[in-house]
Amino acid sequence: MNIRVLTGITTSGTPHLGNYAGAIRPAVQASAQPGVDAFFFMADYHALIKCDDPARVARSRLEIAATWLAVGLDHERVTFYRQSDIPEIPELTWLLNCVTAKGLMNRAHAYKASVDQNTEKGLEPDDGVTMGLFSYPVLMAADIVMFNANKVPVGRDQIQHLEMARDIAQRFNHLYGRDYFTLPEVVIEEDVATLPGLDGRKMSKSYNNTIPLFEGGASALRAAVMRIVTDSRAPGAPKDAENSHLYTIYRAFATHEQAAALRKQLEEGMGWGEAKQALYDHLENLLAPMREKYFDLIANPGRIEDILQAGAAKARKLATPFMQELRQAVGLRNLQAAQAPSAQPKKEKGKGARFVSFRDDDGSFRFRLLGADGEELLLSQRFADPKEAGALMRRLQSEPAETVLQADGQGYSAMIDGVAVATAPAGAQDGSGASLVRARAALSSLSQE
Ligand code: TRP
């Protein structure tokens, strides 16, 4: 099975060059590797925690989506979606909230920082702290475990959130007695340098030292590059390339040879003005074709919307059945399925044939195939692992009903790889074959959906 790599981007700002070098570029590269199923999403519910300006949130979602697509994210291959298009995520957040210790959240760095600042200012410890901020890590855990991600590439500031996600997932698994959730591993990209900003500190919106990626076009890019702080050595004087952030920025976007060449020129006395021009030319060369795509997408938001809707549908193919399973796990079950397994499900009209999964009294996972009129047509074996039951349910729908459902003795069975994974319930074993015909019809109606 492929490794699932998942990461989210909070949609509260405009992507800058530092985001590109530190997060976007490595993620897009990683997603193109074989053996990887990548999930990238826009954490727009998280954005609401930081930002109560609707126009800003809306604009940022557009800009970030356009950026990822413009830099070459293969949205056919990657699952690319918006958090707020997946209603299962807030639903799962609630289930996780109910198993998360408040004390664990009290220890979150972001929350503690707010409390410390308040205390310093002599304010109430929780002044200005919303429940959104406080429970931020629970929503993030839901983002991750909803898709059973194996690896989560993030910045260092997110390591604690990943540890909390593991804690919460483990707690849920323990309480409900199965490994519903994969425990995610944090991935810190060691060789991705954090890009310095204009003043040499980490490039960040909060330091107001960023170089724009696309917004503002070539002129804004040039203006920012010209504002990079350098030392005062005059043209002709040898420069200390290694310790200049202009060179560090250049190197992040250049080949070894290109970087070595600029370094040599600086050491031989190239003026800072000339070096800035070289950096600008280099960046412009790299960014211009992507920028063109970016503005083309921004001008056609409907195209982005379509891509994101398709991404949400793809993500929900996983999230919807999994959430169903999790609801079962915590006891939010169909009342009929909560009855003894031998009880006949009440007939329901007009819903079409369907599978229903349930948890048996002994804790095992099972499912039934019901006909459109609610007639029970198959009852599965008992499975210890809900994922196995889920996978078999999907297999049954993906194979031709005539081969899967085979008559045996008085009844019939559903055969997968030579094993009877489900059999006709007692009531359908009349030996006439009529139930088998109905069961096949029900199963094939599902596979045609
Ligand atoms: N908190 C992350 C950040 O600020 C964004 C994020 C939200 C995220 N949900 C996630 C990252 C899930 C990885 C996985 O960078």
Side-chain angles (χ1 to χ4, degrees), residues 3-16 18-28 30-31 36-51 56-57 60-61 64-65 67-68 73 78-86 88-93 96-97 100 105 108-114 130 132-169 181-189 192 194-195 202-206 210 311-312 315 318-319:
I3 291 198
R4 282 199 185 162
V5 178
L6 174 146
T7 200
I9 313 97
T10 308
T11 52
S12 54
T14 298
H16 55 67
N19 301 137
Y20 175 69
I24 304 172
R25 185 175 58 178
V28 171
S31 72
V36 169
D37 280 340
F39 292 71
F40 292 143
F41 70 95
M42 287 188 271
D44 47 3
Y45 280 138
H46 278 108
L48 300 184
I49 297 169
K50 297 190 197 167
C51 179
R56 181 84 281 261
V57 170
S60 175
R61 290 160 105 227
I64 291 181
T67 300
W68 283 75
L73 179 76
V78 168
T79 307
F80 182 52
Y81 56 99
R82 278 177 297 217
Q83 186 185 34
S84 66
D85 284 335
I86 317 294
E88 288 82 3
I89 291 176
E91 191 175 356
L92 176 56
T93 302
L96 299 184
N97 263 314
T100 302
M105 295 299 102
H109 298 320
Y111 169 65
K112 272 182 25 193
S114 300
T130 63
L133 175 70
F134 185 67
S135 54
Y136 182 111
V138 186
L139 176 57
M140 181 159 162
D143 291 333
I144 297 168
V145 301
M146 179 92 260
F147 298 102
N148 279 318
N150 305 102
K151 305 219 176 251
V152 182
V154 283
R156 295 198 164 277
D157 58 331
Q158 301 293 317
I159 295 177
Q160 191 197 29
H161 290 151
L162 258 292
E163 282 165 4
M164 291 178 156
R166 290 173 65 94
D167 263 19
I168 296 168
F181 299 127
T182 305
L183 302 187
E185 279 170 45
V186 66
V187 181
I188 303 294
E189 305 271 359
V192 174
T194 25
L195 208 62
K202 178 186 172 191
M203 190 179 290
S204 160
K205 199 177 69 169
S206 44
T210 62
L318 298 167

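Just so you know, ligand 1 is whichever comes first in the structure, and atom 1 is the first atom listed for that ligand.
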Under 4.0 Å from ligand 1, counting heavy atoms only, is it the side chain of Q83, its backbone, both or neither? neither

With a 4.5 Å limit on heavy-atom distance, are the side chains of L6 and F41 in contact? yes

Between S84 and R61, does the side chain to side chain donor-acceptor pair (under 3.5 Å) criterion hold? Intermediate values first, please. CA-CA 11 Å; S84 66; R61 290 160 105 227; 3.2 Å; yes

Identified side chain to side chain contact (heavy atoms under 4.5 Å, CB included) counterpart of T67 within the set I24, L73, N19: I24

Looking at Y136, which atoms of ligand 1 are within less than 4.0 Å of one of its heavy atoms? 1 (N), 2 (C), 3 (C), 4 (O)

May I ask you to list the atoms of ligand 1 that are less than 4.0 angstrom from any heavy atom of V154? 11 (C), 13 (C)

Check ligand 1 against A43 and write out every atom of the ligand that is under 4.0 Å from a heavy-atom position of the residue. 7 (C)

Just need the protein heavy atom nearest to atom 2 (C) of ligand 1, so name the residue and atom and give the distance. Q158 OE1, 3.4 Å

Taking 4.0 angstrom as the limit and counting only heavy atoms of L6, give me the atoms of ligand 1 inside it, by number and element. 14 (C)

Counting each atom of ligand 1 from 1 as listed, which ones have a heavy atom of V152 under 4.0 Å away? 13 (C), 14 (C)

Are S31 and V5 side-chain neighbours, meaning at least one heavy-atom pair lies under 4.5 Å? no

May I have the step-by-step check of side-chain contact (heavy atoms from CB on, under 4.5 Å) for T79 and L318, ending in yes or no? CA-CA 11 Å; T79 307; L318 298 167; 5.9 Å; no

What orientation do H46 and Y136 show, parallel under 30°, tilted 30 to 60°, or perpendicular over 60°? tilted

Residue pair T10 / S12, side-chain donor-acceptor N/O under 3.5 Å: no

Residue portion contacting ligand 1 (non-hydrogen atoms closer than 4.0 Å) for F39: neither

Geometric class of the F39/Y81 ring pair [parallel <30°, tilted 30-60°, perpendicular >60°]: perpendicular

Considering non-hydrogen atoms of the protein only, which is the closest contact for atom 13 (C) of ligand 1, and what is the distance? G8 N, 3.4 Å

Which of the numbered atoms in ligand 1 are below 4.0 angstrom from a heavy atom of T10? 3 (C), 4 (O), 5 (C)

In sequence, state the C-alpha distance, the side-chain angles, and the governing distance for N97 and M105, and then conclude on side-chain contact (heavy atoms from CB on, under 4.5 Å). CA-CA 10 Å; N97 263 314; M105 295 299 102; over 6 Å; no

Going by the order shown, which atoms of ligand 1 are within less than 4.0 Å of some heavy atom of H46? 7 (C), 9 (N)

Using heavy atoms and a threshold below 4.0 Å, how should the contact between I144 and ligand 1 be classified: side chain, backbone, both, or neither? side chain

Any N/O of K50 closer than 3.5 Å to an N/O of ligand 1? no

Nearest protein heavy-atom contact for atom 9 (N) of ligand 1: which residue, which atom, what distance? D143 OD2, 2.7 Å

M140 vs L162, test: side-chain contact (heavy atoms from CB on, under 4.5 Å). Steps then yes/no. CA-CA 8 Å; M140 181 159 162; L162 258 292; 3.7 Å; yes

Below 3.5 Å, N or O to N or O, backbone or side chain included: is there any such pair between T7 and ligand 1? no

